[in-house]
There are 2 protein chains.
Amino acid sequence: MASARVTLPQVAARAGVSLGSASRALNGNGASPAMVARVQAAARELGYQPDATGRSLRLRRTFQIAFAVADIGNPVYVEMLTAIQEVVAERGYRLVVATTGSTTGSTIEMVQGLSSGLVDGLVISPLRVDAALVTELRAASMPVVVIGRTLAGEAFDAVSTDSARGIGQAVAHVLGLGRRRLGFLNGPLDTTPGEARQRGFDLAVGREDYPGDSVDSEVAEDFTVTAGLVGARALLARNLARGAGLDAIVAANDLLAIGAIKAARELGLRVPQDVAVTGMDDTEIGKVFAPTLTSVSLRSSERGRAAAELLLSRLEEPGRDARRVFVEPALEVRESTLDAGGAA
Amino acid sequence: MASARVTLPQVAARAGVSLGSASRALNGNGASPAMVARVQAAARELGYQPDATGRSLRLRRTFQIAFAVADIGNPVYVEMLTAIQEVVAERGYRLVVATTGSTTGSTIEMVQGLSSGLVDGLVISPLRVDAALVTELRAASMPVVVIGRTLAGEAFDAVSTDSARGIGQAVAHVLGLGRRRLGFLNGPLDTTPGEARQRGFDLAVGREDYPGDSVDSEVAEDFTVTAGLVGARALLARNLARGAGLDAIVAANDLLAIGAIKAARELGLRVPQDVAVTGMDDTEIGKVFAPTLTSVSLRSSERGRAAAELLLSRLEEPGRDARRVFVEPALEVRESTLDAGGAA
DNA sequence: CCGTCGGTTGGAAACGTTTCCAGCCGATCG
DNA sequence: CGATCGGCTGGAAACGTTTCCAACCGACGG
């Protein structure tokens, strides 16, 4: 393998022209047609492949962008990754995936590691945010697009959604179904999504005209099915013991919701007849689950795509003002809240 | 953002030493303790970050490796990606994800694009393989590790499993449950996994002592839930019409299996009581599905990890002989084949 | 017919790093 | 006490590319 690389000087020699001319000919800058033909022929004969490192060094661009994410196992991030990959590949960029770890400390380390001219820009969707991370991101020697909470007052390009409002939609939906004893199954409160979704729930059930009878919240260890199962067991058992079992669980994401459905079934409860369950993120897994999962779509693909486009546009126009893209949450009603009767 | 980069000459100047000494001091090669201290101090004061492109150009290594995959949406590949990422990150490498497209033509293009010194090595799990692709991979100017069919007679490092045998295990399992009318739901036959799994099924049901009554196969459009749903509808309907409905469906992967379960339910069939269903790949989604899915594990994480380790070891020792790692398939029995009675 | 201009070309510099090479110094050994 | 050796250092070259600059050519206009 790995026959010795053929370099541009070799191509130039073969074509009998100077190095500079060869470069111009291949990049289509001010070279005569005859020159272009000669050089291209020589390049083809030799099997010339331009070297990315030499080119990057000179150009000060790598045509790589990074997507940094806490947990690549989460389907939401995979969806974003797919969308980002699609957009950037089309424009000739490559995608580097970087795992941040769940703490801000390890995220900062990762950002520093990336700040070596290795990538031209960064899309980051941080689970946890603090001042140090914001500082680090501002200091980064490359454009950054944040997916998630728009960092207060910061001049970052950002893509955000209103997941608090999304939780509100889910609450309104189950109330509309006549459910009155609501449980909220959340992930860690010190995460950006956990905090926002809790706020959304508290707001929705705190309204003057709230018609529900009881509310209860449970915080799972993280945003996974297993944690959801454990959390929902506690949530359901607690309310059952209290004499008035829950008739609806609003979960902070689809994985938690699936955990909740499994927990409900363990107790012999039917979904949705006995307990309606809603998720959030509208992931593929929820769409194929049985029952199919009512979920608040935060349009992860769209957010990924928007973030990628924001980043590319900034690479083209570095000086422009920071831009923010908002994506509206939208409730997708499916079987997990739809009684056989079909009341909506 | 983007304050002007500080370069090594600047650090050297600040420390009052030569460029070469500064480099040696930072890389820990033959520099006096005093020198190291001075240079590190200067570097810290200036916030020096070594430039990856300059370093790569000189070193002829980028410390990046690529993972090329047809469809990053498939959970199997996500699992591999996670494992690979973990291994390489630990050794100081970064992971670039490359999407190949499903044809060999687009895969070849992608390999060529990567052959620009941008990555030090490549892990590829091709869906379809032909002679041209093999040629291209051999000619690639970097080490390649193949996950999947070991390319006949080729000197690639490879990680493979015997998915044909895995299908055999699934068939044996449902036969052991007393099922006698088997359907096989496969993906496209011109793919590497499709071909192998079909072979496995045909072999398993073609044995002299095969006790089953009937067999039937259906080829879905691709390896997705939707395609599985469509394919399984046809498969089930066809056999129902024939008077003897299937009592087991062996699917070529978990997504197809989930499609099959949905199709069975549409027809009012219970899983597993009326129809037992098995999948393959043992993905997360199958583990949380209701019913949980009996599946043949091909140990995707393990394969990813092995591939990454193979690649890193080759980077350290370029001349060594090609190595192959085999991973045994293993059946994971869950609810989708387990009658309430619990017969195994 | 000569000057000028636009289009092309060759040569050289530059991007930021690592490493080779030669020279220096102090120390050790004969 | 002198020669030699080892450890460090400074300087320079090299990795492969793009682009600047100066020079050249033919053609066109005055």
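To find a chain, count down the sequence lines: A is the first, B the second, and so on, and within it residues start at 1. Note that this is a predicted model, so its numbers are computed, not measured.
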Would you say that Arg94(A) contacts Phe63(A) through its side chain, given a criterion of any heavy-atom pair below 4.5 Å between the two side chains?
no

Between the axis at one end of the helix from dC1(C)-dG30(D) to dG30(C)-dC1(D) and the axis at the other (five pairs apiece), what's the angle to 10 degrees?
50°

Partner residues of Ala308(B) under the side chain to side chain contact (heavy atoms under 4.5 Å, CB included) criterion, sequence neighbours left out:
Ile84(B), Val87(B), Val88(B)

Run through Gln85(B), Arg61(B), Gln64(B) and flag the one making a side-chain hydrogen bond (donor to acceptor under 3.5 Å, both in side chains) with Tyr93(B).
Arg61(B)

Steps toward side chain to side chain contact (heavy atoms under 4.5 Å, CB included) verdict (Phe67(A), Leu95(A))
CA-CA 7 Å; Phe67(A) 179 44; Leu95(A) 189 63; 4.0 Å; yes

I'd like to know if Arg14(A) and Glu45(A) make a salt bridge, using a cut-off of under 4.0 Å between side-chain N and carboxylate O.
yes

Give me the distances for all protein-to-nucleotides 24-28 of chain D N/O pairs that come in under 3.5 Å?
none

Taking DNA chain C as the partner, which of residues 31-40 of chain A come within under 4.0 angstrom of it by heavy atom?
Ala31(A), Ser32(A), Met35(A)

With sequence neighbours excluded, residues passing salt bridge (Lys or Arg N to Asp or Glu O under 4.0 Å) with Glu309(B):
none

Is Val69(A) close to Thr99(A) at the side-chain level, that is, under 4.5 Å between some pair of heavy atoms?
no

List the atom of Ser313(A), the atom of Arg320(A), and the distance in Å for their closest heavy-atom pair.
OG-NH2, 2.7 Å

Side-chain contact test, heavy atoms from C-beta onward, threshold under 4.5 Å: evaluate it for Arg5(B) versus Arg60(A) and give yes or no.
yes

Report yes if some heavy atom in the side chain of Arg303(A) is under 4.5 Å from a heavy atom in the side chain of Val123(A); otherwise report no.
no

Under a 4.0 Å heavy-atom criterion, the protein footprint on nucleotides 15-20 of chain C, written with B, S and -, is BBBBBB

Under a 4.0 Å threshold between the charged nitrogen and the carboxylate oxygen, would Asp157(B) count as salt-bridged to Arg314(B)?
yes

Out of Thr107(A), Thr191(A), Asp190(A), which one pairs with Arg128(A) under the side-chain hydrogen bond (donor to acceptor under 3.5 Å, both in side chains) rule?
Asp190(A)

